[in-house]
There are 2 protein chains.
Amino acid sequence: MPDKPDLKVPDSAVPRLAQYHHALMEMAEGVASSDDLARVTGFSAAQIRKDLTYFGQFGRPGFGYSVPDLKQALSRILGTDKAWSVAVVGTGKALSVFGDLDRFRRHGFRVTACFEKEPDKNGAWDDVPVYPMDKLGDVVRRENIRMAVLAVSEGAAQRTAEILAESGVQAILNLTPARLQLPERVAVRPMDLAMELEKLSYRSGRLGDR
Amino acid sequence: MPDKPDLKVPDSAVPRLAQYHHALMEMAEGVASSDDLARVTGFSAAQIRKDLTYFGQFGRPGFGYSVPDLKQALSRILGTDKAWSVAVVGTGKALSVFGDLDRFRRHGFRVTACFEKEPDKNGAWDDVPVYPMDKLGDVVRRENIRMAVLAVSEGAAQRTAEILAESGVQAILNLTPARLQLPERVAVRPMDLAMELEKLSYRSGRLGDR
DNA sequence: TAGATTGTTAATCGATTAACAATC
DNA sequence: TAGATTGTTAATCGATTAACAATC
C-alpha cells in the first residue's frame, strides 16, 4: 500500500498530476516552486500544492520541491515507477503517430509486443516483435503483459478485449468506438477520435463568435 | 448566431453533449426520454435535462425528446451539422487506427487530404488524396480545409501548425506531445497517448487496491 | 382528465481559490 | 533573524442532484 490512505482525490486532479509529471520531465534537475510549475503548466500554484497534499508532503517550506524527488513521487502515485509492459493490438505501425517508443519508455511504458491480423514476414517493427492475432492470449500470458492499446476494428473490439482480460491484462486504452463490457478489475479508457473532433468543433464555434 | 446567448455552459458539459449525440446516432428514430438516454450513456436523467437547457428547449413534457430532432439540435450545437473538411498531416494511414472514414463522415468530418513527407507513387489512400508535405499550405487554402489532425514528429509540430494556421485552419487536434503556440482564434486540443496511459495506470492502481 | 416527463428552481455537494500560520 | 514558500484552513465559487410545478 503505497502513499496515503488517500481520502478523496477529485477525479479532475488526475490529469493534472500527469501534466505536472510531464512538466517535471522537461525541467532541469534542481528545485522548483509551485509558482514555477504554475508558470509552465498553466494551473494555479495553489491548485498544484493542493493536489499534492492528497498524497503527502513533498516540498520544503521556504524552498520548493526537489525536481527529481517530486518527479519520482509523481511516477509512484501514477503507478509508472515500475515499467508497464504494453501490447499494441490491431495495427502497431499506427502507434508511430503518437511519437517514438523511446518517449513512452521514458514515461514508464515499454511496448513489448504488437499483434496484427497479417503480420509481415520479418515479424518485427522497430525492435518490437509483431505476432499474428491468434497468438494474442499466449504471448500476453508468457510475457506478463499488463496493459494494452486496443486498435482493432469496432466489430472485433469486444472479443479481443475479452481475450486480453482473460490473459491477465489490467488496463486497456480503447481506441475503437466500441463500448467495452469487461470485469470491474480491468481499467478501460476510451480515446475516440470522432468525439475529440466534436469537442474541437464546439470550441472552434465559440471562438469564432467573439 | 445560432442557439441561445448561452449563459455559462460548464466546460464539463461539452464532452457529455458529444456522448449524448453519439448515443442518439445509435438509437432508432422515434422518441427517447431523458431516462432512456441516462440508461445508455450512464449520466443521470437530471444531468441530461440540465445540460440541454443551456441551449434551449428540445423536448415535450409528458413525451420526451424526438430522436432525430435532438440529434440534429446537438449537431448544430456541436457545430458538426455542416461538414468540416479535415486534413490529416503526418501519416494518413495512422488514421485507420481509429476506425473507418465513413464513421467520421457520419459525424460531420470529411477527410479531404492527407500530407506525408514521402507519399507513395499512387498518391491516394482509401479515396483520400495524399500530397507531399510542401504542398500543405496551397492545398489547405485551395480546398478550404478548416480542421486538421496533426501527427507529425514532435520537432516539426510547431512549424507545421503555423502553416496550418496561416492557411486558414481553425481547429487542430494535436496528436504530438508538443505544446503549440498559436493565435487565440485557432482551437487546439491535445491528445497525448503517454498522458492517457498514465491516467490509465493511476486508475488501475486504485482498482487493484480494493 | 389522468399519466408522464419536461424545464427549472432550490438544496446539496464538491472543487477551486485565497489567505496565512507553520516551517525551513 | 529575515525571507521565502510550503501545507492547510476557511471562504468562494460552480456544478450536480433532487424535487416539483408547468405542460403536453
Side-chain angles (χ1 to χ4, degrees), chain A residues 3-20 23-24 27 30-74 77 199 202 206, chain B residues 3-20 23-24 27 30-74 77 199 202 206:
Chain A
D3 312 314
K4 269 202 160 177
D6 53 70
L7 270 18
K8 44 221 118 139
V9 180
D11 281 356
S12 45
V14 181
R16 287 195 300 263
L17 295 173
Q19 291 209 240
Y20 305 155
L24 288 161
M27 287 174 90
V31 175
S33 67
S34 56
D35 244 347
D36 295 334
L37 277 166
R39 223 163 297 127
V40 307
T41 61
F43 300 109
S44 78
Q47 175 97 80
I48 293 168
R49 293 200 301 276
K50 187 91 228 256
D51 283 344
L52 294 175
T53 59
Y54 296 127
F55 301 95
Q57 307 186 157
F58 305 101
R60 274 208 300 164
F63 263 69
Y65 302 89
S66 145
V67 171
D69 288 3
L70 185 56
K71 191 160 45 178
Q72 198 191 25
L74 281 170
I77 291 166
K199 295 177 205 166
Y202 175 86
R206 308 301 117 170
Chain B
D3 314 312
K4 268 200 162 180
D6 54 69
L7 269 19
K8 47 221 115 137
V9 180
D11 281 356
S12 44
V14 181
R16 288 195 298 265
L17 294 172
Q19 291 208 240
Y20 305 155
L24 288 161
M27 289 174 89
V31 175
S33 67
S34 55
D35 243 346
D36 295 334
L37 276 166
R39 223 163 297 126
V40 306
T41 61
F43 300 110
S44 77
Q47 174 95 81
I48 292 169
R49 293 200 300 277
K50 187 92 230 251
D51 284 343
L52 294 175
T53 59
Y54 296 126
F55 302 94
Q57 306 188 156
F58 305 100
R60 274 209 301 164
F63 263 70
Y65 302 88
S66 146
V67 171
D69 288 2
L70 185 55
K71 191 159 44 177
Q72 198 189 26
L74 281 169
I77 291 166
K199 295 178 206 165
Y202 176 86
R206 310 299 119 173

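Lettering of chains follows the sequences in order, A, B, ..., and the numbering in each one begins at 1.
dT23(D) and dA4(C) make up a base pair, with Watson-Crick or G-U wobble contacts both under 3.5 Å. Across the strands present, dT17(D) finds its partner in dA10(C); the criterion is a Watson-Crick or G-U wobble pair with both atom distances under 3.5 angstrom.
Listed nucleotides: dA15(D), dT8(C), dT9(D). Nearest to the side chain of Pro10(B): dA15(D). Relative to the side chain of Ser34(A), the nucleotides dC24(D), dC24(C), dT6(D) differ in distance, and dT6(D) lies closest. Of the listed nucleotides (dC24(C), dT16(D), dG7(C)), dT16(D) has the atom at the smallest distance from the side chain of Gln47(B). The listed nucleotides are dT6(C), dA18(C), dT23(C); the one nearest the side chain of Ser33(B) is dT6(C). For Pro61(A), counting side-chain heavy atoms from C-beta on, the closest listed nucleotide (dT16(D), dT5(D), dT9(D)) is dT5(D).
By the 4.5 Å heavy-atom criterion applied to side chains, Thr41(A) and Tyr20(A) are counted as neighbours. For the pair Tyr65(A) and Leu52(A), the minimum side-chain heavy-atom distance is below 4.5 Å.
When the P atom of dT8(C) is taken as reference, atom CZ of Phe58(B) falls 11 Å away, rounded to whole Å. One atom, NZ of Lys50(A), and another, P of dT12(D), lie 16 Å apart when rounded to the nearest Å. dA15(D) atom C1' lies 11 Å from atom CG of Asp11(B), rounded to whole Å. Rounded to a whole Å, the CG atom of Asp69(B) is 16 Å from the P atom of dC24(D). For the pair Ile48(B) CD1 and dT17(D) P, the computed distance is 11 Å after rounding to whole Å. Whole-Å rounding puts the Phe55(A) CZ to dT8(D) P distance at 14 Å. Rounded to whole angstrom, the span from the CG atom of Leu70(B) across to the C1' atom of dT5(C) amounts to 14 Å. Distance, Asp35(B) CG to dA4(C) P: 12 Å, rounded to whole Å.
Tyr54(B) has no side-chain polar atom (N or O) that falls below the 4.0 Å cut-off from OP1 or OP2 of dT8(C). Taking only side-chain nitrogens and oxygens, Tyr65(A) never comes nearer than 4.0 Å to OP1 or OP2 of dA4(D). Here Gln57(B) does not reach the OP1 or OP2 of dT23(D): none of its side-chain N or O atoms lies under 4.0 Å away.
Of the two residues near DNA chain C, Arg60(A) and Ser12(A), the one whose nearest nucleotide lies more 5' is Ser12(A).
To the nearest 0.5 Å, atoms CG (Leu70(B)) and CD1 (Ile77(B)) are separated by 8.0 Å.
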(request) I would like to know whether Phe58(A) and Gln72(A) meet side-chain contact (heavy atoms from CB on, under 4.5 Å); could you show each step before the answer? (result) CA-CA 10 Å; Phe58(A) 305 101; Gln72(A) 198 191 25; over 6 Å; no
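Figure legend: Arg206(B) and Tyr202(B) shown as a cation-pi pair, the cationic atom lying under 6.0 angstrom from the six-membered ring centre and within 45 degrees of its axis.
At a threshold of 4.0 angstrom between heavy atoms, the contacts of Arg49(A) include nucleobase atoms, whether or not backbone atoms are also involved.
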